[in-house]
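The structure under discussion appears below in the form of structure tokens.
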Amino acid sequence: TPMIETEKLYKTYQLGEVAVEVLKDINLTIHQGEFVTIMGPSGSGKSTLLYLVGGLDQPTAGTIRLGGTLLSGLSDKEQSIMRRRQVGFVFQFYNLVPNLTVEDNILLPLLLDGKKVKPHRERLENIMETVELSDRKDHTPRELSGGQQQRVAIARALMNDPEVILADEPTGNLDSRTTEEVMLLLSKINREQGKTIVQVSHSVETAAYGNRIIQVKDGKVWDENEGND
Ligand code: ADP
Ligand code: ADP
């Protein structure tokens, strides 16, 4: 089943007088359970595509469906709820809240959603076990290594049990050993929990953990397996 569908998707940034057409007529389908890597030159629109798909940014034209729901048909408030429940975001620089503990960082999407922690306690414990950070739950991010911080971010992304994980260069700030650790974790989450994962990456090594590569170039998308989009 299609998890992410874009149709005639355009994104143009207006820089003063100049219109920069970043994405042009993107028609893309990503199915449930896929682990997709978006690759392409710097500035080609990889992050833009990821953020559009996750509802963090609005397209100039065209439509995006997430789990069958048309994003443009939703109000701002509905979009924000959709984002929190259906999508977990992972960023290159982790985006953790520095003065919150590991546990509270992981609980953040739940707390922002106004949910009570108690009914989700067991889920929290399971997630902390999955990312192997149970013994670090009372630490703050600055007490952790980069790889551990990214594992907290991945745990946070899982907290609302979303269908989709969107990761913007999740290992861009990590050394090769830690990169492997984080990629194995994402791969495990994809295989064992069936989460659809879309990552932006520069590296062929990290793309190898996924099962499909999409190239963004000159505003277009090229599917490595099928040739053209
Ligand atoms: P990538 O992730 O492939 O490096 P981005 O999606 O970040 O590329 O950016 C694609 C293009 O859009 C770049 O030329 C960038 O400068 C431009 N761009 C990105 N975000 C904005 C913005 N908020 N305002 C104006 N231009 C932007
Ligand atoms: P607001 O809409 O009030 O600005 P945000 O949605 O930006 O709040 O969330 C605030 C913090 O919580 C951010 O640091 C963000 O990374 C994190 N967060 C919220 N929802 C998610 C999610 N679904 N996955 C990962 N992190 C999230």
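Just follow the structure's listing: the first ligand is 1, and inside any ligand the first atom is 1. Keep in mind that the numbers below use all heavy atoms, side chains included, and drop hydrogens, waters and symmetry copies. Positions are given from 1 along the sequence. All of these numbers come straight from a predicted model, not from anything done at the bench.
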Contact table ligand 1 N or O to protein N or O, d under 3.5 Å:
residue: ligand 1; atom: 2 (O); partner: Ser47; partner atom: N; Å: 2.9
residue: ligand 1; atom: 2 (O); partner: Ser47; partner atom: OG; Å: 2.8
residue: ligand 1; atom: 3 (O); partner: Ser44; partner atom: N; Å: 3.1
residue: ligand 1; atom: 3 (O); partner: Ser44; partner atom: OG; Å: 3.4
residue: ligand 1; atom: 3 (O); partner: Gly45; partner atom: N; Å: 3.0
residue: ligand 1; atom: 3 (O); partner: Lys46; partner atom: N; Å: 2.9
residue: ligand 1; atom: 3 (O); partner: Lys46; partner atom: NZ; Å: 2.8
residue: ligand 1; atom: 4 (O); partner: Gly43; partner atom: N; Å: 2.7
residue: ligand 1; atom: 6 (O); partner: Thr48; partner atom: N; Å: 2.9
residue: ligand 1; atom: 6 (O); partner: Thr48; partner atom: OG1; Å: 2.6
residue: ligand 1; atom: 8 (O); partner: Gly45; partner atom: N; Å: 3.1
residue: ligand 1; atom: 20 (N); partner: Tyr13; partner atom: OH; Å: 3.4

[Y] versus [X], side-chain donor and acceptor atoms under 3.5 Å:
| X | Y | answer |
| --- | --- | --- |
| Ser47 | Asp168 | yes |
| Asp175 | Thr178 | yes |
| Ser201 | Thr206 | yes |

Can you find a pair of side-chain heavy atoms, one from [X] and one from [Y], that are under 4.5 Å apart?
| X | Y | result |
| --- | --- | --- |
| Tyr209 | Thr37 | no |
| Phe35 | Arg191 | no |
| Glu21 | Lys11 | no |

